[in-house]
Structures are given as structure tokens and as C-alpha cells.
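Single-structure report; data block below.
The shown structure was predicted, so the numbers you read here are calculated from the model rather than taken from an experiment. Start at 1 and go down the list; that is how both ligands and their atoms are numbered.
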Amino acid sequence: MVQSSNAAGAKTPDFHIDPEAYDRMYAQSVNDPATFWGEHGKRLDWIKPYTRVKNTSFAYDDVSIKWFEDGTLNVAANCVDRHLATRGDQTAIIWEPDSPDEEALHISYKELHSQVSKMANVLKSMGVGKGDRVVIYLPMIPEAAYSMLACARIGAIHSIVFAGFSPDALGARVNGCDAKVVITADHAPRGGRATKLKDNVNQALLHDVDDVKCLVVKRTGGQIAWREGLDFWWHEEAAKVSADCPPEEMNAEDPLFILYTSGSTGQPKGVVHTSGGYLAYAAMTHEYIFDYHEGDIYWCTADVGWVTGHSYIVYGPLANGATTVMFEGVPTYPDAGRFWQVCEKHKVTQFYTAPTAIRALMGKGIGPVEGSDLSSLRLLGSVGEPINPEAWNWYNENVGKGKCPIVDTWWQTETGGILITPLPGVTKPKPGSATKPFFGVTPVILDDQGNELSGATEGVLCIKDSWPGQMRTVWGDHARFVSTYFEMFKGYYFTGDGCRRDEDGDYWITGRVDDVINVSGHRMGTAEVESALVAHATVSEAAVVGYPHDIKGQGIYCYVTLMDGVEATDELRTELANWVRTEIGPIAKPDVIQWAPGLPKTRSGKIMRRILRKIAENDYDSLGDTSTLADPSVVEELISNRAALA
Ligand code: PRX
């Protein structure tokens with residue numbers, strides 16, 4: 001066994017595995033997945049144990065994914081109840097508020113049990129039952145975790161909408177899954193400012209369906225508009241119900257949650273995850289990848305509005321009986337030392353964040369890092385986008401003091417949990433590489449024709465066989481699930497990412513190969529931004545691409561063609577950027593808007609995005625063949641407009 005140590009030199013636990021164990025376990029996991037997962041599925045408490053472990057097919061005409069299909073369990077009981085006997089008084093959730101002047105909360109497993117059960121009873125009293133959908137639109141407060149687990153307890157399916165999304169985006173998601181109830185808060189404090197969440201819900205529901213009930217958490221006491229008969233205060237309802245709510249017996253393949261995510265075309269899709277396989281995978285990856293041990297204080301800085309928050313703030317850690325930190329704020333409020341102050345305050349042992357945050361903090365120098373005692377840290381993690389070696393080195397030297405393993409974890413909303421990652425105690429660090437597959441994961445690199453490439457190579461990343469945490473379908477549209485992920489490369493799950501494999505067999509993710517961009521680790525379909533732009537009365541056509549951005553990784557670059565007679569002014573540019581912000585949310589606000597009298601199109605009318613990406617990158621030497629364009633002169637014009645912008 002390999003020993004790890006932290007910066008203070010304190011004796012720390014052994015890593016769970018060593019290189020020999022990894023090789024042995026990996027080989028079994030891919031050669032005999034049923035035996036491997038049959039064994040590891042036992043980490044959960046089952047009401048009725050499964051006898052069938054794996055029943056999956058990636059065949060294009062018969063895509064079907066089932067794990068542990070005849071087993072029954074309850075996810076909330078696995079995350080809460082089963083810990084009561086051994087760790088009822090242990091802290092389950094440490095809640096750190098937006099402002100350091102407000103007191104942090106330590107919520108024990110016992111308290112969590114009582115709150116989740118009450119929330120479950122309140123939802124029942126509002127008419128929510130097994131299989132019904134509940135939308136959660138909350139800030140990062142403990143009630144977000146209570147809501148998720150309360151749904152799981154009664155077999156309702158939750159769909160979390162990030163609190164930074166606009167009323168329109170919220171409305172589309174409420175209607176998309178036909179939700180019975182929305183759980184929200186009055187206001188959401190973040191970075192010293194407050195978003196009026198309940199007002200957003202009112203607007204969203206007024207647009208679409210106006211009979212959706214709303215359960216409102218009082219976070220700030222700020223003023224809100226109340227819909228009599230439809231709105232209920234959480235604290236008032238909680239006082240009326242018992243703290244006893246028996247968990248519902250659920251099939252392993254019953255849906256646990258829906259999470260909307262952007263694709264390359266059309267509206268965001270509702271990714272569906274189910275109960276047994278998802279939880280087993282989230283829990284196991286959490287334990288092995290983050291080297292989780294009894295007594296650790298684990299902190300993932302994500303928001304529960306994204307999949308990272310689902311799997312690695314709530315479900316994985318709580319299934320393991322961990323203490324998980326929930327942070328309401330942002331890395332730079334009230335100053336750029338906040339992350340490190342919180343690490344010191346709560347003696348955090350594992351810290352998991354996104355490269356965009358690291359880059360933003362790097363820009364503030366090492367002063368804010370040195371101001372805090374980080375000796376409790378034992379492991380660092382990164383997620384959401386490729387981490388550039390400069391940021392990796394800064395993280396390693398200044399935060400990890402050269403002594404913490406760094407896990408650069410590659411995965412997606414669709415994968416439910418981490419698929420490619422270094423493992424502490426096993427993997428030699430390689431800045432910028434996600435390195436090797438987790439157990440049961442079979443990555444392959446294909447060429448454009450779908451041939452598997454061997455050895456050191458580059459191409460598109462696909463996965464050859466199913467793993468328990470895989471999404472099962474797109475909510476209400478199984479055909480879209482099949483066409484998005486299984487059509488282009490028959491027999492494989494297509495990730496949408498490009499990838500290089502080096503001579504050591506390590507994987508390097510090179511970014512999306514489709515029209516999805518990654519802005520500050522948030523995934524965005526360029527089509528969504530385009531449809532928001534063309535919804536403005538002045539815009540005739542729009543094309544959106546990503547371009548390299550120092551902090552965000554990728555920025556949003558928009559080419560806009562105006563309606564005849566509309567004047568292209570700076571004021572209009574600002575108006576359009578704000579318009580997109582209001583239509584989708586602050587994360588979608590364009591960084592650059594360039595006026596485009598025409599867009600480069602093929603004779604069949606297809607926009608040549610390759611050319612637009614090159615122009616946005618200021619890379620005019622490799623524009624490629626433009627002779628097939630319907631009007632090649634458009635390109636010259638765009639280049640000269642680009643120069644005027646710079
Ligand atoms: O392009 C990859 C990138 O983020 C995409 C998935 O985004 P989302 O579903 O929002 O989930 C983000 C958090 C799991 C991937 O297709 N990505 C995620 N992690 C990494 C990454 N790219 C490179 N390295 C990573 N570690």
C-alpha cells in the first residue's frame with residue numbers, strides 16, 4: 001500500500017488501491033463486468049437484492065441499458081437512514097453561506113433524516129407521488145439537498161434548474177417534464193448580490209402553465225409576490241407534518257432525476273438517470289477517486305444545478321456517509337482568498353473545483369492563498385474542461401504544496417459519474433491529461449469513419465460498453481437519445497469529445513467536436529444562443545462559435561446579421577448581449593458580437609462554422625478552402641470587420 005501524507009506531514013490513511021490492484025480490478029471490470037459490478041453493487045443497501053447485474057445493448061436498432069434490473073432500493077435511505085445507527089451525530093453537510101459574516105451550519109445525519117422526511121411529507125401533502133416530477137430552483141442551501149433526497153424518498157423524479165437560469169429557461173424545463181411542484185427560495189444571495197428567484201418562478205409559470213404549485217424556502221426574507229392557494233412556505237408546511245416518512249421501495253431502473261443539458265442542436269435535452277446503477281457508480285467513484293476515508297471533510301465547489309453537484313456534493317458523498325461541504329458563494333467574494341479561508345475554517349481534506357476558478361484565482365497572485373493554512377488538504381480535483389498545464393502547476397504548487405495528488409476528472413452529465421481520471425496512489429501525474437479509465441470504462445478512439453485506432457493516436461472519443469452510471473434515455477424522447485449518442489458511430493456511445501491517446505495509453509481530452517462550447521466549465525449549445533439572438537426583432541441571422549478565452553476557457557463569439565434598415569450601433573450590441581443574458585441566463589451572455597453583413601455558406605445554405613471559428617481566433621492563414629462558398633467575398637468582409645473590432 002502506498003502512504004499519502006499532507007503538507008503538515010501528518011500521517012494520513014493508505015490509498016484504497018495501488019497500481020497492481022488497479023490493473024487487476026480494471027481487467028476484471030471489463031472482462032467480466034457482471035461479476036465485478038455484482039460485487040460492487042453490494043456497497044448499497046438493497047430492499048430486494050438483484051440477481052441480474054447487467055443487461056445492456058449499444059446496438060443501434062436496440063439501444064437499451066439496464067443495471068441491477070430486478071433489485072429494489074431507496075436512494076434516500078441509502079444516503080441517510082442507513083447511516084443513522086453508526087453515524088447519526090456525525091455531520092453530513094457543512095453549509096458555508098455566501099457571506100462569511102453569517103454562521104456556517106453543521107447538519108448531522110440525524111438532522112438530515114428529519115428534514116428530508118419532513119420535506120417528503122410536505123411534497124406528499126402537495127399531491128406529489130411516485131413518478132411525479134418536481135423542479136428544484138434553489139440557491140446552494142441545505143434545502144437543495146433536502147429537496148433532492150425528499151423526492152428520492154417518495155419516488156418522485158427531480159429536475160434541478162440552475163438558479164442562474166432565466167425565467168424562460170426555467171419555464172421550458174418545468175413544462176418539458178410537466179412538473180407538479182417547483183421548489184424555490186425568496187431570494188438567492190451570491191457574491192453579495194441577490195437574485196429574485198421567486199419572481200423568476202412567477203414569470204416562468206405565467207408564461208406557460210399557471211397551476212404549478214410552489215414550495216418557497218425563506219432564505220433572505222426579501223419581498224416577493226405571492227400566489228394565494230398555489231404558493232406555500234416551506235417553514236410553515238414543515239411545522240405541520242411528521243418527521244416520519246417511510247422510504248418508497250423503488251426498482252433499480254426507476255428514474256431518480258432528469259437534468260437538462262445542451263446539445264449541438266435544438267432545445268436542451270432532459271438526461272435521465274435511474275436509481276441503483278447511478279448511486280452505486282457515484283458512490284464508488286467518490287470513494288476511490290477522491291481517496292475518501294472516514295473522518296474526511298470533502299468539498300466540491302460545484303452547484304447542485306449541474307451534474308457535478310448531483311453526483312459529488314450530494315449522492316456519492318452521502319451514500320458513503322461522508323461529510324460534504326455545500327458552499328453558497330463564489331470564489332472571489334468578499335475577496336479572492338475565500339476558497340482558501342473556507343478550506344482552513346472547515347479543515348477540508350479533499351477539494352474539487354473547475355479550471356476556470358483556478359485560472360481566475362491565479363490572476364490574483366499567491367497572496368490570497370498564502371493567507372490561509374491549507375495543511376489539512378490531502379487531494380485536489382479538477383473538472384469541467386481541460387486543465388491547462390500552467391493552471392495545473394499553479395494549483396499543485398500553491399494549493400497542494402506539491403504534496404497532494406491531483407485528479408483531473410473527465411466525465412459528462414450523460415455519464416453520471418467520472419469515467420477517465422488519475423487515481424490517487426496509482427497514477428503518475430501528467431498535467432493536462434485525464435490519464436486512465438475508471439473501472440468498467442472502455443474508452444476507444446475512432447477515426448471519422450468509425451474505425452477503432454490503436455496505440456498513440458487522435459480522434460473522437462467513444463465508449464465501447466455500458467457502465468452503471470450511464471444515462472438511460474432522454475426524457476420523453478428515446479429516439480433522440482439513440483440518434484444523439486449511438487447513430488454516428490454504430491455500436492458505441494459517442495461522447496462528442498475529441499481525444500488523444502499518448503504512448504503510455506493516457507487520454508488527453510482535446511475539446512468538443514460538435515457545436516457545443518464550454519464556457520467556464522458550463523456547457524452551452526451554440527444553437528441556443530443563436531435562437532435567442534434571432535428572437536430579437538432586429539436580428540435576421542446569427543452564428544455563434546467558441547474562441548479561446550484566458551479565464552473562461554472558451555468565450556462566446558457571435559456573428560450577427562441585422563434586418564434591412566437596422567443601424568449597427570454599439571448600443572445595439574450591448575442591447576443584444578443583455579437580451580441573450582435575459583433569455584437564457586448570465587452564463588450565456590455573449591463576449592463578442594461582430595456585425596456580419598453576410599455569413600459564409602455553402603451553396604446548399606449550410607453555414608461554414610469552421611471558417612467562423614478561425615476568424616474569431618484571428619487565425620486567417622488556415623481558413624481552408626473557401627471556393628465552395630456561395631459567396632467567397634463574405635469572408636474578406638468578415639476579416640476586415642474582425643480587424644476593426646480588435
Ligand atoms: O467536453 C468535456 C468537458 O465537459 C463536457 C461535459 O460537460 P457537462 O455535461 O456539463 O459536465 C461537466 C462536468 C462533468 C465534456 O464532454 N469536460 C468535462 N470534464 C473535463 C472535460 N474536458 C476535459 N477535461 C476534463 N476533466
*Measure up the F439 and Y288 rings against each other and bin them: parallel (under 30°), tilted (30 to 60°), perpendicular (over 60°).*
perpendicular
_At under 4.0 Å between heavy atoms, is it the side chain or the backbone of D497 that contacts ligand 1, or both, or neither?_
side chain
*For F327, what residues pass the ring pair (Phe, Tyr, Trp, His ring centres under 6.0 Å) criterion, not counting sequence neighbours?*
W299
*Contact (N/O only, under 3.5 Å) between R512 and ligand 1*: yes
*asked:* For Q470 and Y493, which I'm curious about, is there any donor-acceptor pair between the side chains at under 3.5 Å?
replied: no
*Enumerate the atoms of ligand 1 whose separation from the nearest heavy atom of V383 is less than 4.0 angstrom.*
13 (C), 14 (C)
*asked:* For atom 13 (C) of ligand 1, what's the nearest protein heavy-atom neighbour? Residue, atom name and distance, please.
replied: T308 OG1, 3.5 Å
*Going by distance alone, is a donor N or O of one side chain under 3.5 Å from an acceptor N or O of the other, for T285 and Y312?*
yes
*N518: numbered ligand 1 atoms lying under 4.0 Å from its heavy atoms*: 3 (C), 4 (O)
*Provide, to 0.1 Å, the distance between atom 25 (C) of ligand 1 and the closest protein heavy atom, together with that atom's residue and name.*
E385 O, 3.5 Å
*Can you tell me the protein heavy atom closest to atom 8 (P) of ligand 1 and the distance?*
T413 OG1, 3.5 Å
*Proximity of F351 and W340 rings by center, below 6.0 Å*: yes
*asked:* Tell me whether the rings of F438 and Y281 are parallel (<30°), tilted (30 to 60°) or perpendicular (>60°).
replied: perpendicular
*Listed by chain and number, what are the side chain to side chain contact (heavy atoms under 4.5 Å, CB included) partners of P431, not counting sequence neighbours?*
P389, W392, N393
*Which residue holds the protein heavy atom closest to atom 23 (C) of ligand 1, what is that atom called, and what is the gap in Å?*
P386 N, 3.1 Å
_Is the distance between the ring centroids of Y557 and Y559 under 6.0 Å?_
yes
*Can you find a pair of side-chain heavy atoms, one from S311 and one from Y278, that are under 4.5 Å apart?*
yes
*Does ligand 1 have any atom sitting under 4.0 Å from a heavy atom of G496?*
no
_Can a side-chain donor-acceptor contact be found between E452 and Y492 if the only test is distance below 3.5 angstrom?_
yes
*Is there any N or O on D408 that sits under 3.5 Å from an N or O of ligand 1?*
yes
*Using distance alone, determine whether Q412 and ligand 1 share an N or O pair under 3.5 Å.*
yes
*Give the residue, atom name and distance (to 0.1 Å) of the protein heavy atom nearest atom 3 (C) of ligand 1.*
G384 O, 3.4 Å
_Heavy atoms only, cut-off 4.0 Å: how does T409 contact ligand 1, side chain, backbone, both, or neither?_
backbone
*Which atoms of ligand 1 are found less than 4.0 Å from any heavy atom of R523?*
6 (C), 7 (O), 8 (P), 9 (O), 10 (O)
*Could you tell me the residue and atom name of the protein heavy atom closest to atom 6 (C) of ligand 1, and the distance to it rounded to 0.1 Å?*
W411 O, 3.6 Å
*Residue pair T274 / W67, side-chain donor-acceptor N/O under 3.5 Å*: no
*Side chain or backbone of H522 under 4.0 Å from ligand 1, or both, or neither, by non-hydrogen atoms?*
neither
*Say whether A434 and ligand 1 are in contact under the criterion: heavy-atom distance to a ligand atom below 4.0 Å.*
no
